[in-house]
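Only one structure is covered here, and it is reproduced in the block below.
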Amino acid sequence: MTKKYWLIKSEPSAFSIEDLKKSKNQTTFWDGVRNYQARNFLRDEMKNGDQVLFYHSNTEPNAVVGVCEVVKEGYADHTQFDPENKHFFPSADPQNPTWFMVDVKFVKEFKKPVTLQDIKENSKLQNMRLIKRGNRLSVMPVEKVVFDEIVKMGSK
DNA sequence: GCCAACGTTGGC
DNA sequence: GCCAACGTTGGC
């Protein structure tokens, strides 16, 4: 089983890489994803040990800020059943959950965030879904070469 | 704060 | 099954 590589987005005002670092065991559950394509990745494809780029969206600057890894594979996102939670999903069935999440653990923070602009300017990264028009996926696969290149950029 | 792009919902 | 309306994402 070969390791896979991913990118997950978060608005730092909601949950930043600093928050991840401060979490218990530097680990958190990645809840609140309400997109079916992203759900399928969380439920079916993200495996323990997979490496994940942590991206800050809707901020200044938008950037990949570090790396985390999957430490618990897809399981039911409990917030779908909680009427008090803003991610409550009334039609969700506890016997057959609609939404899933994984746990991710902090690996490292980049010395230098790799900004969206940096990515757009790097010819090796032009195939990334992140920079495709109208992209709104909050969980997406990335190729190993792309992952390695971004880590290299962030480590300088 | 604006707005384009997109996914989902619901009426028909 | 179509598609208009709506809500959300996310760059700028």
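Note on naming: letters A, B, ... go to the chains in the order of the sequence lines (proteins, then strands), and numbering restarts at 1 for each one.
For the atom pair CG (Asn62(A)) and CG (Asp118(A)), the distance works out to 11.5 Å, reported to the nearest 0.5 Å.
Ring centroid separation for the pair Trp99(A) and Tyr36(A) comes in under the 6.0 Å cut-off.
Within the 4.0 angstrom heavy-atom criterion, only backbone atoms of the sugar-phosphate kind lie near Lys120(A); the bases stay farther away. Using a 4.0 Å heavy-atom cutoff across all strands shown, Arg133(A) reaches sugar-phosphate atoms only and no base atom.
dG7(C) atom P lies 19 Å from atom CZ of Phe88(A), rounded to whole Å. Nucleotide dC12(C) holds its C1' atom 16 Å from the CD1 atom of Ile131(A), rounded to whole Å. For Arg39(A) and dG7(B), the CZ to C1' distance is 14 Å, given to the nearest whole Å. In this entry the distance linking CG of Asn62(A) with P of dT9(C) reads 15 Å, nearest Å. At whole-Å resolution of the value, CD in Gln37(A) and P in dA5(B) are 19 Å apart. If you measure from atom OH of Tyr36(A) to atom C1' of dT9(B), you get 11 Å, rounded to the nearest angstrom.
Val104(A) and Phe100(A) fall into different hydrophobic clusters, where Ile, Leu, Val, Met, Phe, Trp and Tyr side chains are chained together by heavy-atom contacts under 4.5 Å.
Taking the six-membered ring for Trp and thresholds of 30 and 60 degrees, Phe15(A) and Trp30(A) have ring planes more than 60 degrees apart, a perpendicular arrangement.
Note on Lys9(A): every side-chain N or O is 4.0 Å or more away from OP1 and OP2 of dT9(C).
Both Phe89(A) and Gly134(A) sit near DNA chain B, but only Gly134(A) has its closest nucleotide nearer the 5' end. Checking Asn135(A) against Asn58(A), the closest nucleotide of DNA chain B that is more toward the 5' end is the one next to Asn58(A).
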